[in-house]
There are 2 protein chains.
Amino acid sequence: MAKILVVEDDRVLRETVEYNLRAAGFGVVTAATGDEGLKACAAERPDLILLDVLLPEIDGFRLCDEVRKTNQDVPIIMVTALGSEEDKLRGFSLGADDYLTKPFSMKELLARIRANLKRAKVEAIRESAVIEIGDLRVDPSRFAVTVADRPVRLTVKEFQLLVLLASHPEDVFDRRVLSDKVWGYDFVGSSRTIDSHVWKLRTKIESESSYRYIHTVVGLGYQFRPEAKHEHSE
Amino acid sequence: MAKILVVEDDRVLRETVEYNLRAAGFGVVTAATGDEGLKACAAERPDLILLDVLLPEIDGFRLCDEVRKTNQDVPIIMVTALGSEEDKLRGFSLGADDYLTKPFSMKELLARIRANLKRAKVEAIRESAVIEIGDLRVDPSRFAVTVADRPVRLTVKEFQLLVLLASHPEDVFDRRVLSDKVWGYDFVGSSRTIDSHVWKLRTKIESESSYRYIHTVVGLGYQFRPEAKHEHSE
DNA sequence: ATCCGCGTGACACGGATTTGACACCTTCTT
DNA sequence: AAGAAGGTGTCAAATCCGTGTCACGCGGAT
């Protein structure tokens, strides 16, 4: 299930939100200050950030800005006291994805969180541009993949896996992240499912290629990194 | 880059939107009232209009209506306070192309704008160019379709589907996009509806043709790609 | 009233997805 | 260094799901 970072200085509200999110099955990491929030974001790599505007040290806007510098994709929901229209605008222009006004109900909070998580999943795939790496070419809008100019037929899951990996070269994706992004946050299946798809994807794109693209990082997950195939003369 | 007219009375929101649109590379013209908006529309001939529903003098609905009298084609995105479903329907009936609910993120706004501009391009093609691919010929302005020089009778929905698909060969359209474009944004129906129409369209244009045009992309949607029937070269 | 286009549901088929079994490999332990 | 333990590659079999297909009912148009 998705991991959510809650950045909120008010202890009571923070714990209430945490309790409710956990009850709804989410993983929760909390931070009381902007500084902590920024660190937690880097360390925990949450799937979504719930961010209070009014924070000690670094305020929500700056935090939002900082986070966006290193992570373009994570959905951010800003929380503010009621009716501050200017804050709202400022937040949006800095890259928040959604906005929530205090007081809010847990029902609404959960609805917004789910909506934003869902959006993050599909958007990543459909919006991305053509990817060209090595002799591999991926055209998301046409659902087309070629290896050394030869078309390769992929299934939807294989395609989504490939786009996710290839659009973040060098990044290591663990199985949870892969299943969250490709299968959705509510997916519960054996890890063999992912391995199996990765294997099929490999056979399809690497057999005809002079590169190896998908690398296994044992104990962690998979990584996209083009590497010329060559006779191992070690 | 496209020119966008922003009609919005709230100064902060107007300037924020303007700033962000410019940052994204769009040309921007703004208007604070419905009157100004109408004049700006005539004078500047924007490629897209972002229109707040609540405006002094002339409200968004009337403005939308007025604009449509002189300019059938320009995409209009209506903006309203959250959750007013009635407004939404009213907006659509007056010719708005899309609807955005406050508060919205800049990310979402940009996505919608791009989507609508792209769609407008499809429309433009539809208005002007005759599509000739394989033994298929589509004359959008005359509502005429021939296969191997034989006229084919299509219904309106079938025709719209065909024009949409055929004017973007190779592009994969998912069911969501198809229903948005052909049926309208407020359409909520079973996916079988689309399948059913695609099937009928296929039987009509492919039975007499030596090509297969409409391909299924399992798990995603449909794609227009002329392919000679006998040879299976995939 | 009749016709025609549209939307929906039922059914079946085939490909996509998932699972499980086994072999192999990596890392840790002693 | 060697074995243990757990992670991963491999692939076939089983299952699931999406889609093709088409009949039927509704409602607006003629």
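Labels below follow one simple rule: chain letters A, B, ... track the order of the sequence lines, proteins then strands, and each chain is numbered from 1. Side chains are part of it too, since the values below use all heavy atoms of this structure and drop only hydrogens, waters and symmetry mates. Since we're looking at a predicted model, the values are computed, not measured.
- Using a 4.0 Å cut-off between charged nitrogen and carboxylate oxygen, A:Glu18 and A:Arg14 do not count as a salt-bridge pair.
- The only option from B:Arg202, B:Arg175, B:Lys200 that meets the salt bridge (Lys or Arg N to Asp or Glu O under 4.0 Å) definition with B:Asp195 turns out to be B:Arg175.
- Taking atom CG of A:Leu178 as the reference point, atom P of C:dT18 lies 13 Å away to the nearest angstrom.
- The side chain to side chain contact (heavy atoms under 4.5 Å, CB included) with A:His197 is formed by just one residue from the set A:Ile194, A:Leu201, A:Thr193; it is A:Thr193.
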**Stepwise side chain to side chain donor-acceptor pair (under 3.5 Å) test for A:Asp171 and A:Tyr222** = CA-CA 8 Å; A:Asp171 278 14; A:Tyr222 297 98; over 6 Å; no
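- As rounded to whole Å, 15 Å separates atom P of D:dC22 from atom CG of B:Leu201.
- Rounding to the nearest 0.5 Å gives a distance of 12.0 Å between OG of A:Ser210 and CD of A:Glu227.
- Rounded to whole Å, the distance from CG on A:Leu154 to P on C:dA16 is 11 Å.
- With the end axes of the helix from C:dA1-D:dT30 to C:dT30-D:dA1 each set by five pairs, the angle from one to the other reads 30° at 10° resolution.
- Taken to the nearest 0.5 Å, the CG atom of B:Leu109 stands 6.5 Å off from the CD1 atom of B:Ile77.
- In this pair, B:Phe224 and B:Tyr213 present their aromatic rings parallel. The plane angle is below 30°, not in the 30 to 60° band.
- Separating the CD1 atom in B:Ile4 from the CD1 atom in B:Ile49 is a distance of 11.0 Å, to the nearest 0.5 Å.
- A straight line from CG of B:Leu161 to P of C:dC6 spans 10 Å, rounded to a whole angstrom.
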**Asked** Nucleotide by nucleotide, 5' to 3', does protein get under 4.0 Å of the base (B), only the sugar-phosphate (S), or neither (-) in nucleotides 24-30 of chain D, counting heavy atoms?
**Response** -------
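- You'll find the side chain of B:Asp47 stays beyond 4.5 Å of the side chain of B:Phe26, heavy atoms only.
- Atoms CD (B:Glu206) and C1' (D:dG20) sit 13 Å apart, rounded to a whole Å.
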**Base versus backbone protein contacts along nucleotides 8-17 of chain D [heavy-atom cut-off under 4.0 Å; B, S, -]** = SBBB------
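- Nucleotide D:dT19 holds its P atom 14 Å from the CD1 atom of B:Ile214, rounded to whole Å.
- The phosphate of C:dC6 has neither OP1 nor OP2 within less than 4.0 Å of any side-chain N or O from B:Trp183.
- Here the side chains of A:Leu136 and A:Pro226 are not in contact, with every heavy-atom distance at 4.5 Å or above.
- Nucleic acid contact for A:Thr193: base, since at least one base atom lies under 4.0 Å from a heavy atom of the residue.
- The nearest whole Å value for the distance from the NE2 atom in B:His197 to the P atom in C:dC4 is 17 Å.
- For the pair A:Val156 and B:Lys204, both in contact range of DNA chain C, the more 5′-proximal nearest nucleotide belongs to B:Lys204.
- To the nearest angstrom, P of D:dG7 lies 22 Å from NE2 of A:His215.
- Here the side chains of A:Glu15 and A:Val6 are not in contact, with every heavy-atom distance at 4.5 Å or above.
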